[in-house]
Amino acid sequence: MNEVKKIDYADDGQFCSGHVACAGCAEALAMRVILNSVGQNAVGVVSPSCSAVILGGHPLSSARIPFLHGTLESAAASASGIKRALRAQGKDDTTVLCFAGDGGTYDIGLQALSSAAERNEDILYVCFDNEGYMNTGGQKSSSTPSGAVTGSTPLGKATQKKNLIEILAAHRIPYIATVSPSHLNDMAAKMDKAKAIRGTKVIIVLIPCLPGWGVADHAAVSTARLAVESGVFPLLEIEDGLRTRMHPEHKIRPIDAYLAQQKRYRHLSEADRAALQAEVDANWARLSAQAAL
Amino acid sequence: MNDLTSPLWTNLTSRERITGTWRSALPNYQNQPSPCLNACPVNGRIAEWIGQVKKGDTKGAFVTLADNNPFPAIAGRICHHPCETACNRNELDETVGICSLERFVGDAALDQGWGFPAPPAELAQSVAVVGGGPAGLSAAYQLRRYGFRVSLYESKSALGGLMRWGIPAYRLERAVLDGEIARITAMGVDVHLNAEVGDADALAALRREHDAVYLATGASLPKKLPTLDYAAGWVVDSAEFLAAPADQQSARTGDHVLVIGGGSAAMDVARTARRLGRTVTVLTLEPEGSLPAQKVEVDEAAEEAIRFVSGAMLQSAEAGDGAVTLNCIRVAFSKGERPGAFRVDPVAGSEFALSVHTVIPAIGQDADLQRWAGLLEATGPVIAAGKDWQTSTPGIYAGGDVASMARFVTQAVGMGKEAAHAIARALAPDIARAVPAELPEVGYDRINIAYQEPHGRTHQRLTEVAERLTTFDEVQQPLSADEAKSEADRCFSCGSCIYCDNCYFYCPDMAIARLGENGYEVDPDYCKGCGLCVAECPTGSIHMAKDDNA
């Protein structure tokens, strides 16, 4: 039927008002879903990032579970240690999760994450990917997509976004998923699934950064939706690094509307946009072929 | 903040921080008018009653509909439905079939025998309503709802006005008409049939006997073509033709009938004559595609093998041996500025002739202003009335065709309603309905269509042409219950909250509380004023408002 599909996850108050995320921040919106999915029996590690700021401000916390504020390199390593300590105490059912940004995942924390993934540590690693060091004024990271202007790429980034999904898939970890703040039911469902899997799980959340991307305060969700609908950010799951599942029906439009909503792409020429479109289409075709296997 | 002594771990939640102070604007829940509501001649709360149909609450939908229109089954058949033209859904795929849904609700009400409740209290004041057509009945209904004593004077032998004497049964089944009128008279209207109020003196007398009078006598005088001899046996008056029983209609018409005019009445005459087995030609000044009749009427007439000669004018008629020769000429037609005004320029050398047996001019009706001369002033072709529909004589109100050039049935219903509320404001200001506040209309840009999927409209079925021409049974068939639900689900509910919880779930600050039936509440302590709730609202029923208090 043609009714408005309702969002239906239970908010048990695991994420509290009064946090200091920017007005309209999609990262806070995603944390709300994720923390309520994870529930009370959990311990978190957060690396320096927007997440750390949103969760903290000592001695206040916006999460109802304990979070260890660690270093930028070590989120996955810290989580591994906490999980092993809990197991030693017989608390194996406690979920251990990491919150990190793309800087702490694609760049500075990659070694620790790779090591934990190789050991298949039983952790749930969430990367809030806003495609740059947005917490420190908006510098580029290796997650910044080609063409995007950041504080350190004033003419637009010359190289492509690092393909972390393929790096992680190469580790053959049990579960990798991408989620978007525009698809909250999908996000909640994937969190539930990840929670039930033992081993290393990585969830990558696309976070359109309002100041960093130059998006209006009310438009984070619609920008994320356009990223999904244009195939820029495919919603997918990869199990054991091999089995890919995605939604072929999601890609319904060219990237123009997605680009138009962001100041970081404003300088692009017609040829630049065509090149980006070709990049998106090629990536989509490769993923589709993978999903068809 | 109290105990901040622990050096190592947090001891309070972030709720200690009142981040609402960052805000410069605050979301405000307010249902605002949809384009269909503003386009509706009775300003029906369409999004609201379709929402009730979605939930399966047909009775609730009837109650909402009847707040502004006591004739949902009639309007659902014959309304010119400007709501559907205005529908925001046209931007996505196709309008919601509002009219067919209204019929669905109206038919259910008649089938189930749902009536109107008695007024909360009987009032001492009385109002006379002169004319039992759509405007008069609508006014009588609204006045009875308040509890006024209502005396209704109708010159003919039955109520209904144009709906009974002008609209054929194949468009409006008589049982439907009778049923919806009976529901009004059952409220305790004192009906006087065959009671003509013949002149200004009689009207003035009524005014003395009642606290107010509502005049809705319609437009009873046919406009005349100077080129036609109305005394000739082969000329038949369209209003008399439509009002007559079928045997008389047959007796008055020859094999080939020419109908002159492009409005609804002309279509009704032509299609009635077709059902009598006649060959029918329609002659219109307006070019093809611009006839004043509803498109659906023209289309159905064409399906019924009625021939249209459009963009042409009758110049003279000569009666010959059994047939009449009509000398016509092509014309260039241009619309004037006032409604109904136009200009035609004959195209030289384009003369042609038609040969027929009967001519039925149906070029419109005029209000009989002479009858009220000396008591009521006129503006152009109609009785002059102010914004509250009061005439030049205090206490006498007027509406419908006698006071307006807006000539669709539902426009008359809307005028009757407005006048009744205006009369109530004059006679019983404490209980009268206030003039509704003007709120901005919710346009397509306010609908978040990410929550809508293209889904074609479910049209009403039409009876097969061959079958139509053998009876006066209705052509348009009703929607089934499943079809009605599916069609109702297509409604965006523009400007009306559907309690989908999007605002609650999309708030990054958990600043929106769900109050069940009572909707939602914004917590000003934590709302940062980002507007995500407004952006993700599928119906445009939340609005950002500047907030200086934060």
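Bear in mind that the values here come from a model prediction, so they are computed numbers and not experimental data. Proteins get letters first, then strands, A, B, ... in listed order; numbering begins at 1 in each.
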What closest approach, in Å, do C25(A) and P508(B) show between heavy atoms, and which atom pair accounts for it?
->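 Minimum heavy-atom separation between C25(A) and P508(B): O-CB, 3.4 Å.
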
Mind listing the closest non-hydrogen atom pair of L29(A) and L532(B) along with its distance?
-> CD2-CD1, 4.3 Å

Are there more than 12 heavy atoms of other residues, nucleotides or ligands under 6.0 Å from atom CZ of R64(A)?
->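 Count not over threshold, so no.
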
E517(B) atom CD: more than 12 heavy-atom contacts under 6.0 Å = no

Rounded to the nearest 0.5 Å, how far does OH of Y526(B) lie from NE2 of H19(A)?
->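 It comes to 10.5 Å.
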
So what's closer than 4.5 Å to chain B heavy atoms on [X]: side chain, backbone, both or neither?
| X | answer |
| --- | --- |
| V20(A) | both |
| F67(A) | neither |
| P181(A) | backbone |
| C16(A) | both |

Can you tell me which of [options] forms the most heavy-atom pairs within a distance under 4.5 Å of chain B?
| options | answer |
| --- | --- |
| A23(A), A219(A), C22(A), G57(A) | A23(A) |
| V33(A), L55(A), D11(A), L210(A) | D11(A) |
| A26(A), A28(A), A216(A) | A28(A) |

Tell me, which pairs form a ring-ring contact (aromatic ring centres under 6.0 Å, His included) where one or both residues lie in residues 502-523 of chain B, sequence neighbours left out?
-> Y9(A)-F505(B), Y29(B)-Y520(B)

Begin from the C-alpha positions of C507(B) and R32(A) and carry the test side chain to side chain contact (heavy atoms under 4.5 Å, CB included) through to its verdict.
-> CA-CA 9 Å; C507(B) 178; R32(A) 181 181 179 190; 4.3 Å; yes

N448(B) portion near chain A, given a 4.5 angstrom heavy-atom threshold |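 It is the side chain, since no backbone atom gets that close.
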
Y499(B) versus chain A, the contacting section by heavy-atom distance below 4.5 Å =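 Y499(B) touches chain A through backbone heavy atoms alone.
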
Test side chain to side chain contact (heavy atoms under 4.5 Å, CB included) applied to I7(A) and D501(B), step by step = CA-CA 7 Å; I7(A) 299 167; D501(B) 290 349; over 6 Å; no

S14(B) side-chain N/O to S17(A) backbone N/O, donor-acceptor pair under 3.5 Å = yes

